[in-house]
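Residue numbers start from 1 in every chain, and the chains themselves are labelled A, B, ... in the order their sequence lines are given, proteins ahead of strands.
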2 protein chains.
Amino acid sequence: MKYSNQTRLLVAVDCIIFGFDGTDYKLLLIQRGFAPEREKWSLMGGFIQPEESADKAAERILQQLTGLHDVYLEQIQAFSIPERDPIERVIALPYVALIDIEKYQTQINDDFHARWFTLKELPNLIFDHNEMVEMALNRLRYKAAFHPILFELLPEKFTLPQLQAMYEGLYDTKIDKRNFTRKVLSTKLLKKEKDKDKSSSKKGAFYYSLDEEHYKENFTNIHNFIPKNEIPVGTE
Amino acid sequence: MKYSNQTRLLVAVDCIIFGFDGTDYKLLLIQRGFAPEREKWSLMGGFIQPEESADKAAERILQQLTGLHDVYLEQIQAFSIPERDPIERVIALPYVALIDIEKYQTQINDDFHARWFTLKELPNLIFDHNEMVEMALNRLRYKAAFHPILFELLPEKFTLPQLQAMYEGLYDTKIDKRNFTRKVLSTKLLKKEKDKDKSSSKKGAFYYSLDEEHYKENFTNIHNFIPKNEIPVGTE
DNA sequence: CCAAAAGTGTTCAGCGTACACCCATGG
DNA sequence: CCATGGGTGTACGCTGAACACTTTTGG
């Protein structure tokens, strides 16, 4: 049995994949190998298949492109105006993904001609993908102010200066080192390691890693890592 | 031209319509006049039409049921598992609507057998609609802690005790009258009226109304109407 | 030995919270 | 006149913000 006299539509999932390389935020884009907009850059996307949910589709697509699974993925608002894709109407469910840029495996993506772009040098994207990125960034800035999601962007072991640089980069601001350290450590989300990263200073900075236990359990807690007046006027 | 070899799906919008009657939060439900699940209660929904966006579809559906337009409407996460509708696969885009219960016009809804239910006496709903309501409530509790969205539930003129009751109801808690008043007034979102509501006390409580200017402009600001430890561990 | 980044404590202001009494009025 | 709900002010603690010097070590 079916619902009669109703129009069925294509539904796609598009992944807005963010990474952080220690200095800049990057977005993973692919170069389309097919029309329309052949050769133009675009988010990695795909149609929802008959037997999968949107979440599964997003995981599948991310995995196809990056080889990664079990990454942070969050759905944002659907894009649905009828004209958004010139070929045919497609409803897009965008997902924000945060991945540790070091885990991204180059060999996987060859089919898609994927490349990381820093946010400052984003090309024009197809359709409304620039808008999606904008919306995703907004959400990220809003949510990261209260929840420890940015930690997803970091490698296993990272230093506090690195972490701080990530926050400073996202909000394009400077944060006081002492206050930042105190706040982050007070959440008990981090474990101090024994060794240091000497790559960016002579003294070396201690590595930290996520305390998985506390991380999951405190994930939704409201923290306060960045100064109030830097928190964007939110989309949530 | 079309995308080939792809499955097209039905996409529906479902409206989770909240109201507040001065004492309780209510949800507007309809009784299905058609199979499947005939006679069971459900959210008001409808398929997205070829020429409309999801937002427009939500507005249309809300308007069909309530006669209202220009109401608070916010999309939440898509529900997309393939089995969620036994008849045929349907992807649902749920929208949370907040309406002034007094503006709801009874005559409009006759076709749908609509009825308000308090949140405590919600019936079993079809499909995954109970889940949607749950998710909507969660979002509401989270967002209302920081943004003045609950004001949408109030009539033109309302009193501070009414407003407070609304917040207390949503978080199922008691709030200190003095602190609440101070916080709310400090936002400058309200204009004090000259007259009083005497319906619930002999002394009477002054009416307030929204200061439209400031309301829109401060809407996304982060306020702090309810005590910290009452804010739910958030979904956002 | 010096440049460069890491690490660490204290002070102060403002916000958030707790708390209790007087006011106005209809019955 | 009194019961009921409305309206108001203050004191305190804690959190968030501002701020500067010492430590380490590779070159």
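- Taking atom CD1 on B:I175 and atom C1' on D:dG6, their separation rounds to 17 Å, with Å as the unit.
- In this entry the distance linking NZ of A:K198 with P of C:dA3 reads 20 Å, nearest Å.
- In this structure, the nucleotide among D:dA17, D:dT4, D:dA20 sitting nearest to the side chain of A:R178 is D:dA20.
- Note on A:N224: a side-chain N or O is less than 4.0 Å away from OP1 or OP2 of D:dG16.
- Comparing the axis of the opening five pairs of the helix from C:dC1-D:dG27 to C:dG27-D:dC1 with that of the closing five pairs yields an angle of 0°, rounded to 10°.
- Distances shown here put a side-chain N or O of A:K183 below 4.0 Å from the OP1 or OP2 atom of D:dA17.
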Query raised in the report: What do the steps show when you test B:V71 against B:K103 for side-chain contact (heavy atoms from CB on, under 4.5 Å), and what is the final call?
Result: CA-CA 11 Å; B:V71 306; B:K103 287 203 187 127; over 6 Å; no
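- In this pair, A:Y167 and A:F225 present their aromatic rings perpendicular. The plane angle is above 60°, beyond the 30 to 60° band.
- Atom-to-atom, CZ of A:F180 to C1' of C:dA6 comes out at 14 Å; the value is rounded to the nearest Å.
- Considering B:K191, B:K157, B:E156, B:E193 in turn, B:E193 is the only one that fulfils the side chain to side chain donor-acceptor pair (under 3.5 Å) rule with B:S209.
- Here the nucleotide nearest the side chain of B:K192, chosen from D:dT4, D:dT8, C:dA6, is D:dT8.
- Comparing A:K203 and A:R182, the nucleotide of DNA chain D nearest to each residue sits closer to the 5' end for A:R182.
- B:Q77 places a side-chain N or O within donor-acceptor distance of the main-chain N or O of A:Q75, the cut-off being under 3.5 Å.
- You'll find that the side chain of B:D176 is closest to C:dC19, out of C:dC19, C:dA6, C:dT25.
- Picking from C:dT8, C:dA24, C:dA18 the nucleotide with the shortest atom distance to the side chain of A:K177 gives C:dT8.
- Projected onto DNA chain C by closest heavy-atom contact, A:S201 and A:N179 fall at different nucleotides, the more 5' of which corresponds to A:S201.
- Residue contacts for B:T159: at a heavy-atom cut-off of 4.0 Å it reaches no nucleic acid atom on any strand shown.
- If you check D:dT25, D:dG6, D:dT4 against the side chain of A:K202, the one that comes closest is D:dT25.
- With rounding to whole Å, A:Q164 atom CD is found 14 Å from D:dA17 atom C1'.
- Distance B:I222 CD1 to C:dC15 P: 15 Å, rounded to the nearest Å.
- Centroid-to-centroid, the aromatic rings of B:F158 and B:F20 stay 6.0 Å apart or farther.
- Remark: side-chain polar atoms of A:H147 are paired, donor with acceptor, to backbone N or O of A:F219 under 3.5 angstrom.
- Under a 3.5 Å cut-off, the side chain of B:R141 and the backbone N or O of B:Y171 do not form any donor-acceptor pair.
- Atom CZ in A:F225 sits roughly 14 Å away from atom C1' in D:dG16 (whole-Å rounding).
- For the pair B:D211 and B:K188, the salt-bridge criterion is not met [side-chain N within less than 4.0 Å of a carboxylate O].
- Atoms CZ (B:F206) and P (C:dA24) sit 10 Å apart, rounded to a whole Å.
- In this structure, CG of B:L160 is placed 17 Å from P of D:dG5, rounded to the nearest angstrom.
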